[in-house]
Amino acid sequence: QDAEVLRTRDPQLLAQCDIVVDVGGEYDPKRHRYDHHQRSFSESMRSLRPDKPWTTKLSSAGLVYCHFGSQILAGLLGQPEDGPVVTALYDKLYENFVEEIDAIDNGIAQAEGEPRYAVTTTLSARVAHLNPRWNDPRPDPEVG
């Protein structure tokens, strides 16, 4: 609740952070590092939680959801983390919301072949519009 959010790719600043998400090139949940941008990264919900069926490669959002989703839902609902209500909601939220973010962030097409139209109003597309352009000579993530 009182966390300070810092947007940076500076390794020296990242080393001082308690939690690092989507940058830093490291996935290490013991140290709270949740980046999926390594060539060797191939984790899915099923590989990290074998009781779950989804094999879509996780994005950083999916990693955070995988590790903390049940705990957060349990706290919001006042229900046990391993109870049926939290389990059902966790699964539905992943299947109907987070998995799409994972797939889009990892460049996984929704269908084979040439798409007939572009979907530009997804949550991922809206977030992408806030990021600086990849070839901007002076990118400033605070200017959108």
Side-chain angles (χ1 to χ4, degrees), residues 1 3-11 13-136 139-144:
Q1 167 178 335
E4 176 185 347
V5 176
L6 173 67
R7 289 186 63 162
T8 186
R9 294 182 189 275
D10 182 331
L13 292 175
L14 292 175
Q16 298 172 34
C17 294
D18 296 325
I19 301 170
V20 178
V21 178
D22 207 33
V23 294
E26 180 177 17
Y27 169 57
D28 183 356
K30 291 178 183 138
R31 294 181 45 243
H32 293 296
R33 300 305 192 244
Y34 304 99
D35 193 7
H36 68 115
H37 295 105
Q38 304 88 278
R39 288 185 191 264
S40 61
F41 184 87
S42 61
E43 301 292 355
S44 66
M45 186 66 77
R46 184 169 195 157
S47 71
L48 296 177
R49 295 190 59 176
D51 61 315
K52 303 299 180 192
W54 304 284
T55 58
T56 301
K57 181 180 168 184
L58 294 172
S59 67
S60 295
L63 283 170
V64 170
Y65 187 76
C66 180
H67 288 283
F68 299 104
S70 292
Q71 178 184 351
I72 292 168
L73 291 170
L76 290 171
L77 298 170
Q79 297 280 323
E81 190 173 338
D82 60 351
V85 172
V86 170
T87 299
L89 187 55
Y90 178 91
D91 289 353
K92 285 295 181 187
L93 276 170
Y94 184 77
E95 186 172 26
N96 294 299
F97 184 68
V98 180
E99 186 177 28
E100 176 184 333
I101 295 168
D102 288 342
I104 291 169
D105 196 17
N106 283 301
I108 300 169
Q110 186 176 16
E112 298 294 323
E114 188 69 28
R116 295 180 187 197
Y117 59 91
V119 177
T120 61
T121 58
T122 64
L123 178 61
S124 295
R126 291 171 189 251
V127 169
H129 291 303
L130 298 173
N131 291 327
R133 292 178 40 212
W134 70 272
N135 60 352
D136 190 332
D140 182 353
E142 299 305 318
V143 176

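Owing to the predicted nature of the structure, the values given are computational and were not obtained by experimental measurement. Computation of the quantities below employed the complete heavy-atom set of this structure, encompassing side-chain atoms and omitting hydrogens, waters and symmetry-equivalent molecules.
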Least distance between heavy atoms, Pro29 atom then His67 atom: CB-CE1, 3.6 Å
Student check: side-chain heavy atoms of Val20 and Asp35 closer than 4.5 Å: no
Exercise: identify the closest heavy-atom pair between His37 and Asp22: CE1-OD1, 3.0 Å
For the student: nearest non-hydrogen atoms of Gln79 and Val86, plus distance: CB-CG2, 3.7 Å
Flag side-chain contact, heavy atom, 4.5 Å: Lys52 against Asp91: yes
Those residues that, when tested against Tyr90, pass ring pair (Phe, Tyr, Trp, His ring centres under 6.0 Å) (two or more places apart): Tyr65
Validation row: Trp54, Glu99 side chains within 4.5 angstrom (heavy atoms): yes
Side-chain H-bond candidate by donor/acceptor type, Asp102 with Tyr94, under 3.5 Å: yes
Side chain to side chain, Leu73 and Leu93, heavy atoms closer than 4.5 Å: yes
Phe97, CZ: over 12 other non-hydrogen atoms inside 6.0 angstrom: no
Worked check of side-chain contact (heavy atoms from CB on, under 4.5 Å) between Cys66 and Arg49: CA-CA 8 Å; Cys66 180; Arg49 295 190 59 176; 3.9 Å; yes
Closest non-hydrogen atom pair, Thr87 against Asp82: OG1-O, 3.9 Å
Given Val21, Val64, Asp18, Ile19, the one that forms side chain to side chain contact (heavy atoms under 4.5 Å, CB included) with His32: Ile19
Any side-chain heavy-atom pair of Met45 and Thr56 under 4.5 Å: no
Verdict with supporting geometry, Glu81 and Ser70, side-chain hydrogen bond (donor to acceptor under 3.5 Å, both in side chains): CA-CA 6 Å; Glu81 190 173 338; Ser70 292; 4.8 Å; no
Closest heavy-atom pair and its distance - Gln38, Tyr27: NE2-N, 3.3 Å
Between Ser59 and Asn106, a side-chain donor and acceptor under 3.5 Å: no
Whether His36 and Phe41 hold their rings parallel, tilted or perpendicular, with breakpoints at 30° and 60°: perpendicular
